[in-house]
Amino acid sequence: MSGHGHGHGHGHGCCECEHEPAERGVEYELYKRIDIEKLQCLNESRDGDGKLVFKPWDQRTDRTKFVESDADEELLFNIPFTGSVKLKGIIIAGEDDESHPAEMRLYKNIPQMSFDDTSREPEQAFRLNRDPHAELEYPTKIARFSNVEHLSIHISRNFGTESTRVYYIGLRGEYAEPHRHEVTICNYEAAANPADHQVKSITPQTHFIS
């Protein structure tokens, strides 16, 4: 369903400016680096809907996939990545009414975060504007969002109604595969052994001098 299309050549044709969003969309592919099976959305009205809003750029205005809050206006997304991410910006799109998120708080590397944990200071917080067409990016403080293996997004309030609705969350940044150090350490140890034996062959001459 998600498709592999990067937005090239769907017959928009006549205007050069049509190509700009397609190129921009390449920057918003961090959703592919989410461990989607382990992603959690707390207070979603229907199980699994929170996963649906992390979707390709060309589906950002699709209204068939969305998540709606249940008991109150809050939503909490726990997003594990398959490696390390340097997060540079976020887009969040909702309905053009009071159900649109009005505030977003970001936390990093707190797996299994709960609503109780949201009382702590976030890495960064944003007041949001209504953005039904997914046009506004909120830039992060990159120094705080390098080496992100787990991102939590807390939607703390909306513009004044009982439930919050989100259609799209776009994440822009850089991705690095997880490092494996063990193999390198083994190689160094193996290389060091022959040198140890050479030192021992010189040792007897020291006794002669004393």
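When reading the values below, keep in mind they use all heavy atoms of this one structure, side chains included, and skip hydrogens, waters and symmetry mates. The first residue of the sequence shown is numbered 1, and numbering continues consecutively from there.
A distance of 11.5 Å separates CG of Asn109 from CE of Met113, quoted to the nearest 0.5 Å. If you take CG on Leu75 and OG on Ser163, they are separated by 9.0 Å, rounding to the nearest 0.5 Å. Interatomic distance, Arg105 CZ to Arg157 CZ, rounded to the nearest 0.5 Å: 10.5 Å. The distance from the CD atom of Glu103 to the CG atom of Leu128 is 8.0 Å, given to the nearest 0.5 Å.
Put simply, the side chain of Glu162 does not reach to within 4.5 Å of the side chain of Asp72, judged on heavy atoms. Residues Ser152 and Ile79 fail the side-chain proximity criterion, which asks for heavy atoms closer than 4.5 Å. For the pair Leu39/Pro80, a side-chain contact is recorded, criterion being any heavy-atom separation below 4.5 Å from C-beta on. Phe77 is not listed as a side-chain neighbour of Leu42, based on a closest heavy-atom distance of 4.5 Å or more. The side-chain heavy atoms of Pro101 and Val166, taken from C-beta on, include a pair separated by under 4.5 Å. Side-chain contact between Leu30 and Phe54: absent, with no pair of heavy atoms (C-beta onward) separated by less than 4.5 Å.
A donor-acceptor contact closer than 3.5 angstrom is absent between the side chains of Ser84 and Glu149. Donor-acceptor pairing under 3.5 Å is lacking for the side chains of Asp35 and Thr82. Checking Thr164 against Asn158 by side-chain atom types alone, a donor-acceptor pair falls below 3.5 Å. Between Thr118 and Tyr107, the side chains place no donor N or O within less than 3.5 Å of an acceptor N or O (distance only, hydrogens not considered).
Residue Ala143 comes nearest to Ser146 through the heavy atom pair O-OG, 3.6 Å, listed as atom of the first residue, atom of the second, then distance. Closest of all the heavy-atom pairs between Glu29 and Val26 is CG-O, 3.3 Å. When all heavy atoms are compared, the tightest approach of Ser69 to Ser45 is O-CB, 3.9 Å.
Taking the ring centre of Phe81 as origin, the terminal cationic atom of Arg33 falls outside the region bounded by 6.0 Å and 45° from the ring axis. Cation-pi contact between Arg60 and Tyr168: absent, since separation from the ring centre below 6.0 Å together with deviation from the ring axis within 45° is not met.
Salt-bridge formation is detected for the pair Arg130/Glu98: a Lys NZ or Arg NE/NH1/NH2 atom is positioned less than 4.0 Å from an Asp or Glu carboxylate oxygen. With respect to the salt-bridge test (charged N to carboxylate O, under 4.0 angstrom), the residues Lys108 and Glu123 do not qualify. Under the 4.0 Å criterion applied to side-chain N and carboxylate O atoms, Arg172 and Glu137 are assigned as salt-bridge partners.
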For Ile91 and Leu171: C-alpha separation, side-chain torsions, deciding distance, then whether side chain to side chain contact (heavy atoms under 4.5 Å, CB included) applies. CA-CA 7 Å; Ile91 289 177; Leu171 304 174; over 6 Å; no
Could you go through the side chain to side chain contact (heavy atoms under 4.5 Å, CB included) check for Thr64 and Leu52 one step at a time? CA-CA 10 Å; Thr64 61; Leu52 303 179; over 6 Å; no
Does the side chain to side chain contact (heavy atoms under 4.5 Å, CB included) test come out yes or no for Leu87 and Arg144, once each step is laid out? CA-CA 9 Å; Leu87 184 67; Arg144 293 190 182 182; over 6 Å; no
Determine, stepwise, if the pair Glu177 / Tyr175 fulfils side chain to side chain contact (heavy atoms under 4.5 Å, CB included). CA-CA 7 Å; Glu177 296 285 349; Tyr175 173 81; 3.6 Å; yes
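Counting only distance, with no hydrogens or angles, the side chain of Asp70 and the backbone of Asn43 share no donor-acceptor pair below 3.5 Å. A side-chain donor-acceptor contact under 3.5 Å links Gln124 to the backbone of Lys141. Judged by distance alone, the side chain of Asn78 and the main-chain N or O of Gln40 form no donor-acceptor pair under 3.5 Å.
Neither Ile142 nor Tyr28 shares a network with the other; the hydrophobic side chains, linked directly or stepwise wherever heavy atoms of I, L, V, M, F, W or Y lie under 4.5 Å apart, form separate groups for each. Residues Phe159 and Ile155 fall into different hydrophobic clusters, defined by Ile, Leu, Val, Met, Phe, Trp and Tyr side chains chained together at heavy-atom separations under 4.5 Å. Residues Ile110 and Ile169 do not share a hydrophobic cluster, clusters being chains of Ile/Leu/Val/Met/Phe/Trp/Tyr side chains in contact below 4.5 Å. Linking Ile, Leu, Val, Met, Phe, Trp and Tyr residues whenever their side-chain heavy atoms come within less than 4.5 Å leaves Leu76 and Ile36 in two separate clusters. At a threshold of 4.5 Å between side-chain heavy atoms, the hydrophobic network of Ile, Leu, Val, Met, Phe, Trp and Tyr places Tyr31 and Leu106 in one connected group.
Every pair passing ring-ring contact (aromatic ring centres under 6.0 Å, His included) that includes a residue from residues 117-151 is listed here, sequence neighbours excluded: Phe126-Tyr138.
Exactly one of Glu44, Arg165, Arg46, Glu95 qualifies for a side-chain contact (heavy atoms from CB on, under 4.5 Å) with Glu68. That residue is Arg165.
Within 6.0 Å of CZ on Arg127 lie no more than 12 heavy atoms contributed by other residues, nucleotides or ligands.
Between Phe115 and His154, the two ring planes are perpendicular [angle over 60°; tilted spans 30° to 60°].
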